Each structure stands twice: as C-alpha cells, then as structure tokens.
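Since the structure comes first, as structure tokens, the remarks are kept for the end.
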Amino acid sequence: MSGANISDPEVIRIFRRRLAAFQQTCSAALGGSAGDFVRVQDWLQSDQQGHWKKQIAKREELYQAARRTWLDAEAEVRASHNSRGIDKQSSMEERLLMERARRSRDEAEEKLAVVRRWLIRLGQECGPLIHQCRDHDLALHDMSDKAVARLDQLADRVETYLALPSSIAPVAGSSSSTSPVQGGGAACPP
Amino acid sequence: MPALMGDDALLEKALKDLAAAWDATADGWRDEARTEFADHHLHEIEARTRAAVRAIRQMDTLLKEAIHQCS
C-alpha cells in the first residue's frame, strides 16, 4: 500500500467546506436561471402584451380619426371643384397623416405579434433547458455529497492516524502534529 | 424590463474559486488519495458544472434576445 502524504487534516477540512459552499452556489445559480425565465415570461405576458394591446386600440382610434379627416377633406376637395366658395385643392396632407396613423397602428400590431411569437418560442426552447438545469442541480448535489463524504473519510483517517501513539504509528520524522503523515494508510484509498 | 441574474458568470467564478482552493491543498497534501479524489470526484463535478454553465448561457441568450426584440 502506498503512503499518505499530508501535513494536517485541516487541509482536507478546509477544502471540504469550500466544496460544500460551491454546491450551494451552484444550486442557487441553477435555480436563479429558472427564475429568470419566469420573470421574462411574466413580463412578456403581463406587461408587453397588455401594453401593445392598449397601443393597438389607441392607434386604431387615431387612425380612424385621421381617416375621417381625410374623407372630410376629400369631400371638401370635391365640393370645391363644384362651387366657387370653398377652395380646397388637395387632400394630400390629410392622406399622409392617415397613412402615418395606419403605419403606427400596424407597427403596434407587429410588436404584439413579436411578443406572442417569443412567448411560444421561449416555452418551447427554454422548457428543455430548465429541465437540464434541474438535472445538473440534482447531479451536482449528489456528486458533492459523495465528494464531501469522501473528504470527511480521508480527514478522519488522517486524524485517527495522528492520534495513534508514536510507538504504534510508523512515522518517519518528527512526532509533531504538523509533520507530514507518511507511510501509514490514513489517507490511502481503500 | 426584467434584469437577468448573470448566473452563468456566478457559476464560472465559483468553479474558478473551487479550482484555486483545490490547488491550494497541494501544498499540504500530496498523495494518491488526493489524485484519486480529483479523478473520481472533482473532475466530474467540474465537467458537470461546465455543462450547467452552457445550459444557463443558452437560456440567457434566448431571454436577452426576447427582451431586446420586445422592448
């Protein structure tokens, strides 16, 4: 059996604590990413869908008002051709305003469509990724538990070996607790 | 607009810190048990964590694009 070579079991204990803290960080990060997905989904569903629906209604009203104005202007133009009173040559300005209002409404409709497409896409693509993150979380938890248990075992063995009376423990060197443990099987793999 | 938590960066930093902590053990611990622990436990944990970082990063990319297009 080959020898252990460790100066102080505290080296193992310190790393064990770091590993345990690491596992908690992993768990928090993996849970956090699922939280990100939920927040974005809520934002799309509640805020953005609601916002663009209101915008569509508002812009539709503005478009209809611009359209009525244009129709009135068209009527004025026709009337001015038939009489000598009102002199309205063109309804072009009203028409441009109507077109602008229509484009604005169409933009809002497209924005709503984009939001809805993303809701579907995120559900389809993030769903499997969230499952993956959960699997990673569970696996890392399991692996860390086993690793921590192994470190505890190794540290316990070193401590047990160091506690042996010097007449039993074949230590080559000084008997101080900080001297390397050598030769014994305290930290050797089974 | 929702802010993303940057969990992939958090995880990468944690992995880096763990690697540094492991390297630090080499000063006082240098035997087969240490090598065995690295081979059977630590390397697996590192590989799985990197896979987790990739999954989080993929999701972040999608979420950021959704936020950008829908804002």
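The chains referred to below are lettered A, B, ... by the order of the sequence lines, with proteins before strands, and numbering in each begins at 1. Just so you know, these numbers come straight off a predicted model, no measurement behind them.
- For A/E93, the CD atom counts as loosely surrounded, since its 6.0 Å shell holds 12 or fewer non-hydrogen atoms of other residues, nucleotides or ligands.
- Expressed to the nearest 0.5 Å, how far CH2 of B/W29 lies from CD1 of A/I12 amounts to 4.5 Å.
- For the pair B/L63/A/R39, no side-chain contact is recorded, criterion being any heavy-atom separation below 4.5 Å from C-beta on.
- Between A/F22 and B/D17 the shortest side-chain heavy-atom distance does not fall below 4.5 Å.
- Proximity of A/R18 to B/W22: side-chain heavy atoms (C-beta onward) are nowhere separated by under 4.5 Å.
- Around CZ of A/R95, the count of heavy atoms belonging to other residues, nucleotides or ligands within 6.0 Å does not exceed 12.
- To the nearest 0.5 angstrom, B/Q69 atom CD is 8.5 Å from A/K111 atom NZ.
- In the hydrophobic clustering of ILVMFWY residues, with side-chain heavy atoms under 4.5 Å counting as a link, A/L96 and A/V77 come out apart.
- For the set B/T35, B/L15, B/D27, B/L62, the entry with the most heavy-atom pairs within less than 4.5 Å of chain A is B/L62.
- Considering NZ of A/K146 and NE2 of B/H40, their distance stands at 13.0 Å, rounded to 0.5 Å.
- The candidate with the highest count of non-hydrogen atom pairs below 4.5 Å against chain A, out of B/H41, B/K13, B/R48, B/E44, is B/R48.
- Linking ILVMFWY residues whenever their side-chain heavy atoms come closer than 4.5 Å, directly or via other members, leaves A/L97 and A/L71 in distinct clusters.
- Put simply, of A/I14, A/L44, A/V115, A/L151, the one with the most heavy-atom pairs under 4.5 Å next to chain B is A/L151.
- In terms of non-hydrogen atom pairs under 4.5 Å with chain B, the most contact-rich of A/D42, A/D47, A/L19, A/L112 is A/L19.
- Contacts of A/W43 classified as ring pair (Phe, Tyr, Trp, His ring centres under 6.0 Å), with partners at least two apart in sequence or in another chain: none.
- For the side-chain contact (heavy atoms from CB on, under 4.5 Å) with A/C26, the qualifying choice from B/D7, B/L11, B/I45 is B/L11, the only one to do so.
- With respect to chain A, the highest number of heavy-atom pairs below 4.5 Å among B/L10, B/T49, B/D60 belongs to B/T49.
- Taking a 6.0 Å sphere around CZ of A/R17, one finds it holds more than 12 heavy atoms contributed by other residues, nucleotides or ligands.
- In the hydrophobic clustering of ILVMFWY residues, with side-chain heavy atoms under 4.5 Å counting as a link, A/V40 and B/M1 come out together.
- For A/R121, the part sitting under 4.5 Å from any heavy atom of chain B is the side chain, from C-beta outward, and nothing else.
- Proximity to chain A is limited to the side chain of B/L42, based on heavy atoms less than 4.5 angstrom apart.
- Smallest separation of non-hydrogen atoms from A/C133 and B/M59: SG-CE, 4.5 Å.
- Counting heavy-atom pairs closer than 4.5 Å to chain A, the top-ranked of the candidates B/V53, B/L18, B/T25, B/I56 is B/L18.
- Considering every non-hydrogen atom in both B/Q58 and A/L129, the closest pair reads OE1-CD2, 3.6 Å.
- Residues of residues 57-70 of chain A lying under 4.5 angstrom from chain B, judged on non-hydrogen atoms, do not exist here.
- Residue contact with chain A, scored on non-hydrogen atoms closer than 4.5 Å, involves the backbone and the side chain of B/S71 alike.
- A single hydrophobic cluster is not seen to contain both A/L138 and A/I130; linkage of ILVMFWY side chains at heavy-atom distances under 4.5 Å, directly or through other members, places them apart.
- The two residues A/W52 and B/C70 come nearest to each other via the heavy atoms NE1-O, 4.2 Å.
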